[in-house]
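The structure appears below as structure tokens.
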Amino acid sequence: MLQIQLPDGSLVEHPDSATALDVAAGIGSRLAKAVVAAKVNDRIIDAFRPLAELTDLSPIPLQLLTDKDPEALDVLRHSSAHVMARAVMRLFDGVSLAFGPTINNGFYYDFDLDHKLSEDDFAAIEKEMAKIVKESEPFEQFSMDRSQAIQLCQDLGQALKVEHIETGLAEHDQLGFYRQGEFVDLCRGPHIPDAGKIKAFKLLSVAGAYWKGDAKGKQLQRLYGTAWFSSKDQQDYLDQLEEAKRRDHRVLGKKLGLFHINPEVGSGLCLWLPKGARVRVLLEDFLRNELLNRGYEPVYSPHIGRVELYETSGHFPYYRDSQFPPLFVEQAGGLIDAWIDRLQSEAGLSADEEMRLSDAAEVLGVELPDYKPTDDVATRIATLQAWQRQHERYLVKPMNCPHHAQMFRAQPRSYKQLPLRLMEFGTVYRYEQTGELNGMLRVRGLTQDDAHIFCTSEQVEEEFRNTIELTRFVLESVGLSDYRIQLSLRDPKSDKYVGSEENWNKAEAALRRVLEQSGLNFHAEEGEAAFYGPKADFMVRDCIGRQWQLGTVQLDYNLPERFKLEYVGPDNAMHRPVMIHRAPFGSMERFVGMLIEHFAGAFPLWLAPEQVRILPLSEKTNEYALQIEQQMKAVGLRVSTDVRGAKVQAKIRDAQLELIPYMAVVGPKEAETGAIALRDRLEGDLGALPIEQVLQKLQTEVQQRTIRQVAKHSEILEPTQETSSGLHEY
RNA sequence: GCUGCUGUAGCUCAGUGGUAGAGCACUUCCUUGGUAAGGAAGAGGUCAUGGGUUCAAGUCCCAUCAGCAGCUCCA
């Protein structure tokens, strides 16, 4: 007999062959029908398999999962992925299955097949899925040893599964399979008892994906879908997707005249139109003011710098491919650059090619008396690099830190001057891959609200604490109070980082210590660090539950070393400072893009590009309206007057659609009494008020940076996460 | 960068090989009004760019550029 302990602590006994479904049936038939999966400790298991196969514990701490449990949803979706794959295999020939995991709010399955899937196929696939769901066939599980499993996958014609068993699952002796009707899939599970539990599902999109996420690997077709326990839940989710779409900053940015991106300027290069620029200026002024109060000193640095500067910092070699190529003062610079590249490449250069390059260089007026094709490759490269150093090459700056490091070096530094906090809204350029560009969120020219703090190692923790506090203050002032911090550490297995083990250990330990002391919600993530140091990244949840990576604070013991930064300590000896890189907004482009989506374009009064629109009832009151406009402008409000010969209803409609927070309707009645009929974009007509009272009200709202409206937080949309649950890996 | 889809007026889109369209926005005129669209007229297009097929191309084919979705990347 099995001893089973239920969540309320009670113990029940069942025969050795009992499943979680049997346990549920023992409690009640309605429960048995509702059970989707079960949980033993933290492990989710199949409700339809004998418990004895799944655990050695006694008593077994069993929790039954029904459609009320979020974890059950994950199981449902995984099974839905199987149903979808089954439908696709019924409809198309030669389908090779890859992976079909769950993701937040849904699932996908990757296929290798000749037919190009498109949205036109969705109806047929969904219809086939509906058939499978209606048949309500049970899921069954079985295991096999390696050779049998490989044989089975070969018999099924599943080459990718065979490859996965041989590589990814090389350490597994036993491999699990699930069968549902004619469909058999290598799978760890768990699954729902039968397909009939899927009450709502929908295919969402089709896209390319790589086999095992490797960009060099085979290109597969990925079908995305979602599944739910009720069609109402599904509809809520689809509505939520619509809501996110409605907030798309690219659409709103166009509609509201905030920014513009066009190919004649260049992709990924953002033109800030007056209204968008206004929002940015307000944010910059707000932050600059705050930083001045906190002991930062503004600096300016140029948009380009010599390549050697970035060779020193390490950015140039490390990010070569995602930078705009160097600017050469000497015409032949590009030739020499390519020459070095070829020498460094695996293929190298043939004697003939070398000759032709030499000739070309000569034509361009390059003299290389020391270059001898008989020298070894390293010597030849060194000769060419020596030429490069004598002939300036510049980089459009991809980062501000090297410039700021040079500012530190501009004069001898004493410990008495530390911490030195240099701030700059620094515009940098990065050649992001074309597929990455996305409105303002991912651009090729961006302005960081950058600053670098140079301090002693004793000051590190306090400075770091202050920057964390600053970032929180800044986020909360725009109503972003739901965030957590990701402690981004190096990947111990990778060699892409610069600096000593010792420096890294110091930096990582310091960050962790401060975060622990602060009591903030944080989690560590390996492999997410910058190449020169660990980071604390702010992951911010917006009002509809989406997660954004915004501000960052980075601790850096390495660039000071690379730039040989020093200060004189109280002991009259030279010491190396520590650098803290930090940007509470991240970049102005990304931050404003996010804000547009967060507020759905309706900025709070303090950030609204236009705060008040004055609407004269007819042209007869235009003069009074303009007089009000002057009064409002005099107290710093951003106002315009709609003097068109349109009806007030039309003017109101336009102002509403432009998301202007307040409207001031003025007609003969108001002109007579010196009043304003104030209309609130959210509340509607507030009635006639004396001018002074309106000015007072609006000024207060601006000063307090009141946030009056954000969307209700959705219960349906789960927070987006960087990684999927990891529950179903194969 | 890869895979797929898309590119027609300022915006949203219709137009499946035979004379380039609608709504909104814009301009002018009429209307002078009380809290989400008053009326009329007008102007606006090398149909992304470059090639090709065809008697004939917005429409079919190829390339390039750009956008979108996903993957990969992100100092």
Side-chain angles (χ1 to χ4, degrees), chain A residues 103 108 110 116-120 204-224 248 250-251 254-255 257 260-268 310 313-316 318-319 321-323 397-402 428 430-439 441-444 446 448 450 496 498 528-533 535 537 549 552 554 556 559 581 583 586-587 590 615-622 644-658 663-670 677-681 683-688:
Chain A
I103 48 174
Y108 66 78
D110 287 347
K116 291 269 174 256
L117 291 168
S118 80
E119 295 196 7
D120 299 338
L204 295 179
S205 61
V206 57
Y210 299 109
W211 170 237
K212 298 199 169 178
D214 178 0
K216 292 183 203 76
K218 196 175 181 54
Q219 184 86 34
L220 306 170
Q221 301 192 67
R222 177 172 296 178
L223 268 182
Y224 283 89
D248 189 321
R250 293 166 299 193
V251 176
K254 195 178 270 184
K255 205 179 275 178
H260 181 58
I261 295 177
N262 87 357
E264 288 179 44
V265 176
S267 52
Y310 301 99
S313 70
H315 289 103
F316 181 66
Y318 192 86
Y319 289 109
D321 292 339
S322 44
Q323 281 166 359
K397 75 175 165 187
M399 258 315 214
N400 299 302
C401 33
V428 299
R430 298 169 182 181
Y431 194 80
E432 303 285 0
Q433 301 180 47
T434 47
E436 294 313 323
L437 300 174
N438 177 281
L441 300 179
R442 195 81 183 265
V443 287
R444 287 184 174 159
L446 56 134
Q448 298 176 310
D450 212 356
K496 68 173 189 172
V498 300
E528 294 293 314
F531 75 90
Y532 49 73
K535 311 187 283 179
D537 293 318
Q549 184 177 333
T552 179
Q554 309 173 0
D556 180 4
L559 290 191
H581 311 238
S587 88
R590 186 172 166 76
L615 310 178
L617 199 60
S618 77
E619 285 167 14
K620 289 174 189 156
T621 39
N622 276 359
R644 291 176 303 170
K647 283 170 65 163
V648 75
Q649 285 90 333
K651 295 181 184 182
I652 287 171
R653 184 182 138 89
D654 289 345
Q656 287 282 146
L657 292 176
E658 287 178 56
M663 282 149 267
V665 177
V666 292
K669 272 189 287 187
E670 287 77 19
L678 195 63
R679 181 187 162 96
D680 183 329
R681 189 183 70 83
E683 309 278 328
D685 190 3
L686 299 181

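Chain naming here is simple, since letters A, B, ... match the order of the sequence lines and numbering starts at 1 in each.
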On the nucleotide C71(B), are OP1 or OP2 found under 4.0 Å from the side-chain N or O atoms that Tyr224(A) carries? yes
Whole-Å distance separating the CD atom of Glu436(A) from the P atom of C74(B): 10 Å
Identify whether any heavy atom of Pro398(A) sits under 4.0 Å from a base atom; if not, whether one sits that close to sugar-phosphate; answer base, sugar-phosphate or nothing. base
Assign a letter to each nucleotide of nucleotides 4-13 of chain B from its 5' end: B, base within under 4.0 Å of a protein heavy atom; S, sugar-phosphate only; -, no contact. S------SS-
Please report the distance, rounded to the nearest Å, between CD in Glu264(A) and P in C65(B). 16 Å
Once you round it to whole Å, what is the distance between P of U72(B) and CH2 of Trp211(A)? 14 Å
Taking atom C1' of A25(B) as reference, at what distance in whole Å does atom CD of Glu658(A) sit? 11 Å
Gln554(A) CD to C74(B) P: how many Å, rounded? 13 Å
Taking only the side-chain nitrogens and oxygens of Thr434(A), find out if one of them lies under 4.0 Å from OP1 or OP2 of G1(B). yes
Is a donor from one side chain sitting under 3.5 angstrom from an acceptor on the other, for Gln549(A) and Arg590(A)? no
So which atom in Gln221(A) and which in Leu117(A) form the shortest heavy-atom distance, rounded to 0.1 Å? OE1-N, 2.9 Å
Would you say Ser267(A) places a side-chain N or O within less than 4.0 Å of OP1 or OP2 belonging to A66(B)? yes
With the side chain defined as heavy atoms from C-beta on, Lys496(A) is closest, among C74(B), G70(B), G1(B), to C74(B)
Checking only heavy atoms, does the side chain of Arg442(A) share a donor-acceptor pair with the base of C74(B) at less than 3.5 Å? yes
If every non-hydrogen atom of Gln323(A) is compared with every non-hydrogen atom of Pro398(A), which pair is closest and at what distance? NE2-CG, 3.5 Å
Pair of N/O donor and acceptor under 3.5 Å linking G1(B) base with Tyr431(A) side chain: no
To the nearest angstrom, the CG-C1' distance between Leu437(A) and C2(B) comes to 15 Å
So the stems of RNA chain B, runs of at least three Watson-Crick or G-U pairs (under 3.5 Å), are B:1-7 with B:65-71, B:10-13 with B:21-24, B:26-30 with B:38-42, B:48-52 with B:60-64
What I want to check is whether an N or O donor and acceptor connect the side chain of Gln221(A) with the base of U3(B) at under 3.5 Å. no
Using a 4.0 Å heavy-atom cut-off, does Tyr318(A) contact any base of the nucleic acid, only the sugar-phosphate backbone, or nothing at all? nothing
Fit a plane to each ring of His315(A) and Tyr532(A), take the angle between them on a 0 to 90° scale, and name the class: parallel (under 30°), tilted (30 to 60°) or perpendicular (over 60°). perpendicular
Integer-rounded Å distance: U72(B) C1' and Asp321(A) CG: 13 Å
What string of B, S and - do you get for nucleotides 26-38 of chain B, 5' to 3', if B is base contact, S is sugar-phosphate-only contact and - is no contact with any protein heavy atom under 4.0 Å? -----BBBBBBBS
Any donor-acceptor pair, under 3.5 Å, between the side chain of Tyr319(A) and the base of C74(B), if you only look at N and O atoms? no
For Ser313(A), report the nucleic acid contact type (base, sugar-phosphate, nothing); a contact means any heavy atom under 4.0 Å. nothing
Do the side-chain N or O atoms of Arg250(A) get closer than 4.0 angstrom to the phosphate oxygens (OP1, OP2) of C68(B)? yes
